[in-house]
> 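Structure in structure tokens, see below.
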Amino acid sequence: MALESINPATDELMETFDEWSAEQTAEVIDEVDAAFQQWRLTSFEKRRELMNRAAGVLRENKDEYARIMALEMGKPINDGRGEVEKCAWVCEYYAEQAEKILADEPIESDGSKSYVGFRPIGTVLAVMPWNFPFWQVFRFAAPALMAGNTGVLKHSSNVPRSALAIEEVFVKAGFPPNVFRTLMIGSRKVDAVIENDLIKAVTLTGSDIAGRKVAAKAGEMLKKTVMELGGSDPFIVLEDADLEESAQVAAKARCINSGQSCIAAKRFIVVDAVYEAWTEKFKAALTSLKVGDPLAEETQVGPQARRDLMEELHEQVEKSVRMGARVLLGGSPQEGKGSFYPPTLLADLKPGMPAYDEELFGPVASLIRVADAEEAVAVANASAFGLGGCVWTADSARGEEIAARIEAGAVFVNGMVKSDPRLPFGGVKISGYGRELSHYGIKEFVNIQTVWVR
Ligand code: NDP
């Protein structure tokens, strides 16, 4: 099987890459483990210097990397530049913070001295998705490498150019060879990698389906996992919300990355008192978004990353409509070349409909009318997912009370859910477990070692 780089805006096959054999893959993992034996001994000062250089390499090549993403998975070019900037930020954050976060923690006990040390664990496998091809990888790699681990990346099969470009960032920054490697393999070869004794842990970002498979295999091998899976984030609008601002943010939050984000707002839960007025504003905001060529500066919504994913999205919309949902905007793929799906707004949603129950990974917004805040919380929690959510109200104390009752890894009051190197990121329920980013993220893949001295 070959890995293919296809331009989703034109359907053009740009490049194919031969998939590696099992032997080739195992050889590279051997090399990465050999690199680990040295890398684990490097000082924080050395790691900091290199990670800061990686940030520099990212910034220097921002346009090129944004172009790779635009061509390979349709990300609007401006968003791509923003993504590369954010990768530089996470490198700098961990370059700066890792030593402090991983400093020994003294604990009083019956010994003359006892403390906790945070030791590297070895090579971590990262199974990553195509939607933020750079960011998802760097938010794993920056803390992992700063902690003294080494990493191997199995990227989505549709973003091989991004995968190779990321490996190159570390080479250009001057990291020792093989501290971070890309494995050019498809998903069928992942089990063998997890079985390899030199792989100590696995992190996966992607669908819950992939997560279950990879977590099961890692469980069989007794290897630690972090799972960052899908979401169906609620966006709650209460009667005292700023309607104009929340509607504008809602359109952005739904259509970020052309709707293909795990933390995109997906279910818009609006109280009856403001439902009609808010829906009008939301629809207008969605309508104003510019759909088009991802290489054009003004584009806000590009094509869907793969044709099969767009078709799947459309099936979810059609099935919901057959079950009684009403299309207020959009609702079918754009004619012509490329997998373009326009911003779409669905109303009259009921439990049982895909647009109510499932994750819609594209620019399709599900509107749900509720009587009051109580019902809004109940509907928000009536989901198998629990990644993020936000609540809009003039009373932020009330917003915080509601936040505490929402079953999600992150709740934002009067703002859209976003990731930030300083804040932990991850989910509950089928959105996964474990946390990335912040001090929590870097401690996922370390040996938390107790040292006791008589
Ligand atoms: P997948 O979850 O299938 O892919 C994510 C990563 O997991 C890829 O590297 C993929 O490799 C790998 N993978 C998939 N199945 C297995 C397996 N059985 N064993 C090992 N690795 C595996 O996402 P898709 O690209 O198919 O997208 C499908 C849906 O997933 C989307 O519509 C969306 O709902 C959700 N998704 C969520 C994301 C998030 O950020 N949480 C990101 C991307 C998708 P390969 O590409 O080789 O199959």
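Both counts, for ligands and for their atoms, begin at 1 and track the order of listing.
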> Does the cation-pi check pass for Arg139 over Phe425, that is, NZ or CZ under 6.0 Å from the six-membered ring centre and within 45° of its axis?
yes
> Between ligand 1 and Lys154, is the shortest N or O to N or O distance under 3.5 Å?
yes
> State whether Phe132 and Lys75 meet the cation-pi test: NZ (Lys) or CZ (Arg) under 6.0 Å from the six-membered ring centroid, and within 45° of the perpendicular axis.
yes
> To which protein heavy atom is atom 22 (C) of ligand 1 closest, and what is the distance rounded to 0.1 Å?
Ser187 CB, 3.3 Å
> Leu229 versus ligand 1: do any nitrogen or oxygen atoms come within less than 3.5 Å of each other?
yes
> Out of curiosity, is Gln260 lining ligand 1, as in a heavy atom under 4.0 Å away?
no
> Flag this pair as yes if the NZ/CZ of Lys200 is under 6.0 angstrom from the six-membered ring centre of Phe445 and inside a 45 degree cone about the axis; otherwise no.
no
> To the nearest 0.1 Å, how far is atom 46 (O) of ligand 1 from its closest protein heavy atom, and which atom is that?
Ser157 N, 2.9 Å
> Could you tell me whether the side chain of Glu444 and the main chain of Arg435 form a donor-acceptor pair under 3.5 Å?
yes
> Quick test of your reading of the structure: of Pro129, Ser156, Ser207, whose heavy atom lies closest to atom 1 (P) of ligand 1?
Ser207
> From atom 28 (C) of ligand 1, work out which of Leu153, Leu387, Val159, Leu309 has a heavy atom at the shortest distance.
Leu309
> If we only count N/O pairs under 3.5 Å, is Met128 in contact with ligand 1?
yes
> Classify the ring geometry of Phe268 against Phe235: parallel below 30°, tilted from 30° to 60°, perpendicular beyond 60°.
tilted
> Just to be sure I read this right, does ligand 1 sit under 4.0 Å from the backbone of Trp130, its side chain, both, or neither, counting only heavy atoms?
side chain
> Please tell me whether Ser5 and Glu72 have a donor and an acceptor in their side chains that are separated by less than 3.5 angstrom.
yes
> Going by an N to O cut-off under 4.0 Å, is there a salt bridge joining Glu311 and Arg306?
no
> Counting non-hydrogen protein atoms only, what is the nearest one to atom 26 (O) of ligand 1? Give residue, atom name and distance.
Arg306 NH2, 3.4 Å
> Out of Asp308, Val127, Ile194, Thr205, who gets a non-hydrogen atom closest to atom 5 (C) of ligand 1?
Thr205
> Judged by modelled atom types alone, do Asn158 and Glu4 share a side-chain donor-acceptor pair under 3.5 Å?
no
> Check for me whether Lys217 has a heavy atom closer than 4.0 Å to any atom of ligand 1.
no
> Got an N/O contact under 3.5 Å between Lys213 and ligand 1?
no
> Which heavy atom of the protein is the closest neighbour of atom 40 (O) of ligand 1, given with residue, atom name and distance?
Asn131 ND2, 3.2 Å
> Considering heavy atoms of the protein only, find what lies nearest to atom 14 (C) of ligand 1 and give residue, atom and distance to 0.1 Å.
Ala210 CB, 3.5 Å
> For the residue pair Thr123 / Thr150, report whether a side-chain donor-acceptor contact shorter than 3.5 Å exists.
yes
> Which protein non-hydrogen atom lies closest to atom 32 (O) of ligand 1, naming both residue and atom, and how far is it?
Phe361 CB, 3.4 Å
